[in-house]
Amino acid sequence: MKQSCLERSNKKDASNDTVDGIDGEGDFDPSAPPPFKIAEIRAAIPKHCWVKNPWRSLSYVLRDVTVVFALAAAVLRLDSWVFWPLYWAAQGTMFWAIFVLGHDCGHGSFSNNHLLNNVVGHVLHSSILVPYHGWRISHRTHHQNHGNVENDESWVPLPEKIYKNLDLPTRIMRYTVPLPMLAYPIYLWRRSPGKEGSHFNPYSKLFAHSERKAVLTSTVCWSIMVLLLIYSSYVFDPVQVLKIHGVPYLIFVMWLDFVTYLHHHGHEQKLPWYRGKEWSYLRGGLTTVDRDYGWINGIHHDIGTHVIHHLFPQIPHYHLVEATRAAKPVLGKYYREPKKSGPFPLHLFSNLVRSIREDHYVSDTGDVVYYQTDPQLCTIKSN
């Protein structure tokens, strides 16, 4: 008999014991303060892993940009519906790879040169319709508050009161695959329920007064890219622009939402979220999850090595795998070894679907909380 999402969630809650946080691995409690400090993790990572090589970083930009233009040139030359779907999948993945390099610029892990980081970041992110500074600043907030129910910024769980104020159609849209995988543009404009502000508005609550000029610069760059796409539609053909840039953009958005969601949700056992004095930078970072994406690991610059990236975002992406390997003896059970992928990460779709069907909200009270399932929504989606 097919098991409902509520039955699966109840079984999962029992195995996790949400009162004391036991996760089914003996007496290990993932919500307990770790017996090590962040300085011990830092000390275990080889010194060369902290070195940023701008020429190496730029070589990845050259590689990705070359592939992007080569894919576009090839599909325009072939111009067959046999090849367009392959192009969309490949180019959308390359847009995602470009995003990751711009993300490194935002963290300062691209180079030690502030100007170089900003110039490259603006070019890369604007080309895929991302406001560089606007997103960089909100993403910094995410890293500074990861795992904090009240202050985190990315895929933060909704408290029960906010969740229950959502109308049923909104809940269904928010928790039905693939709709959440198209949420990123909406998030850029409106943020998440319960939070106000826009990544394009310099006067948004997201930004300090001193950051307004930078945000305005990014919004202008984003607008120039939009105008360039509109102009290209007039000069060439709107359908052709949609095929060359529009559809890959949607694939990129799905990659971004897919990867960022799974780095904070969908583990086999539920992981804690924190409030108040129970939260710390280290404890929040230890609830992030590494993922293996098979062949995609090298294409999207090993962003799946997420735990160490969250704790030390200044480490360049090309050192993350080595840094993680060195840190694992210190992390012990707080590091969750990712399930090995085949050539493509098809195994992660089950994690995604299960989590979105079951992880709806967290309690309004308590400083250590776990996702809970809405019985009404679960029943509707199971019928």
Side-chain angles (χ1 to χ4, degrees), residues 52 57 95-111 114 117-157 180-181 183-192 195-202 204-208 210-212 214-219 221-222 252-265 273 279 281 284-285 287-291 300-317 320:
K52 308 163 192 176
S57 296
F95 279 16
W96 164 234
I98 282 176
F99 174 88
V100 175
L101 292 178
H103 152 272
D104 288 357
C105 293
H107 278 303
S109 60
F110 189 86
S111 78
H114 183 70
N117 292 338
N118 285 344
V119 170
V120 175
H122 270 108
V123 171
L124 295 179
H125 273 191
S126 298
S127 71
I128 52 174
L129 299 177
V130 175
Y132 171 69
H133 280 307
W135 182 83
R136 174 187 65 80
I137 293 167
S138 74
H139 188 64
R140 180 189 65 198
T141 300
H142 165 56
H143 269 260
Q144 291 173 341
N145 298 278
H146 44 212
N148 189 309
V149 173
E150 295 167 340
N151 300 322
D152 201 345
E153 181 62 31
S154 176
W155 291 113
V156 61
M181 298 298 98
Y184 184 63
I186 300 172
Y187 166 71
L188 289 179
W189 283 103
R190 300 180 52 183
R191 295 178 77 193
S192 303
K195 295 179 181 289
E196 297 179 0
S198 168
H199 289 75
F200 299 93
N201 182 2
S204 168
K205 292 181 179 180
L206 273 166
F207 313 119
S210 60
E211 295 168 331
R212 290 176 180 172
V215 174
L216 178 60
T217 300
S218 296
T219 300
C221 291
W222 180 91
F252 147 66
V253 166
M254 295 181 76
W255 262 117
L256 187 152
D257 284 326
F258 176 73
V259 171
T260 56
Y261 183 91
L262 287 174
H263 285 161
H264 301 275
H265 302 77
W273 288 78
W279 180 86
Y281 181 85
T287 63
T288 61
V289 181
D290 277 13
R291 300 290 188 181
H300 71 184
H301 308 293
D302 291 313
I303 196 62
T305 48
H306 206 65
V307 177
I308 289 301
H309 166 67
H310 246 280
L311 293 174
F312 307 110
Q314 61 271 40
I315 295 179
H317 74 263
L320 284 175

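One is the number of the first residue; the rest follow in order along the sequence.
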K.L.:
Taking side-chain hydrogen bond (donor to acceptor under 3.5 Å, both in side chains) as the definition, give me every residue that meets it alongside Thr287, ordered by chain and number, with sequence neighbours left out.
P.N.:
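Result, side-chain hydrogen bond (donor to acceptor under 3.5 Å, both in side chains) vs Thr287: none returned.
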K.L.:
Please name the pair of heavy atoms, one in Gly197 and one in Ser204, separated by the smallest distance, quoted to 0.1 Å.
P.N.:
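So the two residues come closest at CA-OG, 3.1 Å.
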K.L.:
Would you say the side chain of Leu320 lies within less than 4.5 Å of the side chain of Ile315, judging by non-hydrogen atoms?
P.N.:
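They are in contact (side-chain heavy atoms under 4.5 Å apart), so the answer is yes.
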K.L.:
If you compare all heavy atoms of His263 against all heavy atoms of Arg291, which two are closest, and at what distance to 0.1 Å?
P.N.:
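Distance-wise, the nearest heavy atoms are CD2-CG, 3.7 Å.
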K.L.:
Could I get the full list of side chain to side chain contact (heavy atoms under 4.5 Å, CB included) partners for Pro157, not counting sequence neighbours?
P.N.:
Val149, Trp273, Val362, Tyr371
K.L.:
Can you name the residues that form a salt bridge (Lys or Arg N to Asp or Glu O under 4.0 Å) with Lys195, not counting sequence neighbours?
P.N.:
none
K.L.:
Could you state the interatomic distance from CZ (Phe95) to CH2 (Trp255), rounded to the nearest 0.5 Å?
P.N.:
15.0 Å
K.L.:
Can you list the residues that meet the side-chain hydrogen bond (donor to acceptor under 3.5 Å, both in side chains) rule with Arg140, with sequence neighbours excluded?
P.N.:
Glu211
K.L.:
I'd like to check the side chain to side chain contact (heavy atoms under 4.5 Å, CB included) partners of Ser138; sequence neighbours left out, ordered by chain and number.
P.N.:
Trp135, Glu153, Tyr187, His199, Leu206
K.L.:
Which heavy atom of Asn117 sits nearest a heavy atom of Ser111, and at what distance?
P.N.:
OD1-OG, 2.9 Å
K.L.:
Among residues at least two apart in sequence or on other chains, which ones pass ring pair (Phe, Tyr, Trp, His ring centres under 6.0 Å) with His142?
P.N.:
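By the ring pair (Phe, Tyr, Trp, His ring centres under 6.0 Å) rule, His142 matches His139, His264, His310.
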K.L.:
Taking only residues two or more places apart in sequence, or in another chain, which ones meet Arg190 in a salt bridge (Lys or Arg N to Asp or Glu O under 4.0 Å)?
P.N.:
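If we apply the salt bridge (Lys or Arg N to Asp or Glu O under 4.0 Å) test to Arg190, skipping adjacent residues, there are no hits.
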K.L.:
Kindly compute the distance separating CG (Asp290) from CG (Leu262), expressed to the nearest 0.5 Å.
P.N.:
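Here the interatomic distance stands at 12.5 Å.
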K.L.:
Hey, what do you get for CZ (Phe110) to CG (Leu101), rounding to the nearest 0.5 Å?
P.N.:
6.5 Å
K.L.:
Could you grab the distance from atom CD1 of Ile308 to atom CG of Asp302, nearest 0.5 Å is fine?
P.N.:
13.5 Å
K.L.:
Once side chain to side chain contact (heavy atoms under 4.5 Å, CB included) is applied, do any residues pair with Pro313, and if so which ones, sequence neighbours excluded?
P.N.:
His107, His143, Tyr281, His309
K.L.:
Using every non-hydrogen atom in the two residues, find where Pro185 and Val253 come nearest and quote the distance to one decimal.
P.N.:
CD-CG1, 3.7 Å
K.L.:
Quick check on side chain to side chain contact (heavy atoms under 4.5 Å, CB included): which of Ile98, Val130, Ile303, Leu256 does His103 satisfy it with?
P.N.:
Ile303
K.L.:
Would you give the length of the straight line joining atom OH of Tyr132 to atom CG of Leu124, rounded to the nearest 0.5 angstrom?
P.N.:
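It is 9.5 Å, given to the nearest 0.5 Å.
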K.L.:
Between Asp257 and Ala183, what is the shortest heavy-atom contact and its length?
P.N.:
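So the minimum-distance heavy-atom pair works out to OD2-N, 3.1 Å.
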K.L.:
Does the side chain of His122 come within less than 4.5 Å of Ser218's, by heavy atoms?
P.N.:
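Of all side-chain heavy-atom pairs linking His122 with Ser218, at least one is under 4.5 Å.
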K.L.:
Specify the closest pair of heavy atoms between Leu188 and Pro131, including all atoms of both residues, with the distance to one decimal.
P.N.:
CD1-CD, 3.8 Å
K.L.:
What residues form a side chain to side chain contact (heavy atoms under 4.5 Å, CB included) with Asn148, not counting sequence neighbours?
P.N.:
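So Asn148 forms a side chain to side chain contact (heavy atoms under 4.5 Å, CB included) with Asn145, Glu150, Asn151, Trp279.
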K.L.:
For Thr305, enumerate each residue passing the side-chain hydrogen bond (donor to acceptor under 3.5 Å, both in side chains) test, keeping only those at least two apart in sequence or located in another chain.
P.N.:
none
K.L.:
Do the side chain of Thr141 and the main chain of Ile137 share a donor and acceptor less than 3.5 angstrom apart?
P.N.:
yes
K.L.:
First locate atom OG1 of Thr219, then atom CZ of Phe200, and finally report the distance between them rounded to the nearest 0.5 Å.
P.N.:
6.5 Å
K.L.:
In chain order, what residues pass the side-chain hydrogen bond (donor to acceptor under 3.5 Å, both in side chains) check against Thr260, with sequence neighbours excluded?
P.N.:
Trp155
K.L.:
Can you check whether Pro180's main-chain N or O pairs, donor with acceptor, with Tyr261's side chain at less than 3.5 Å?
P.N.:
no
K.L.:
Is there any salt bridge (Lys or Arg N to Asp or Glu O under 4.0 Å) pair reaching into residues 125-137, and which pairs are they, with sequence neighbours excluded?
P.N.:
none
K.L.:
Centres of the Phe99 and Trp96 rings: under 6.0 Å?
P.N.:
yes
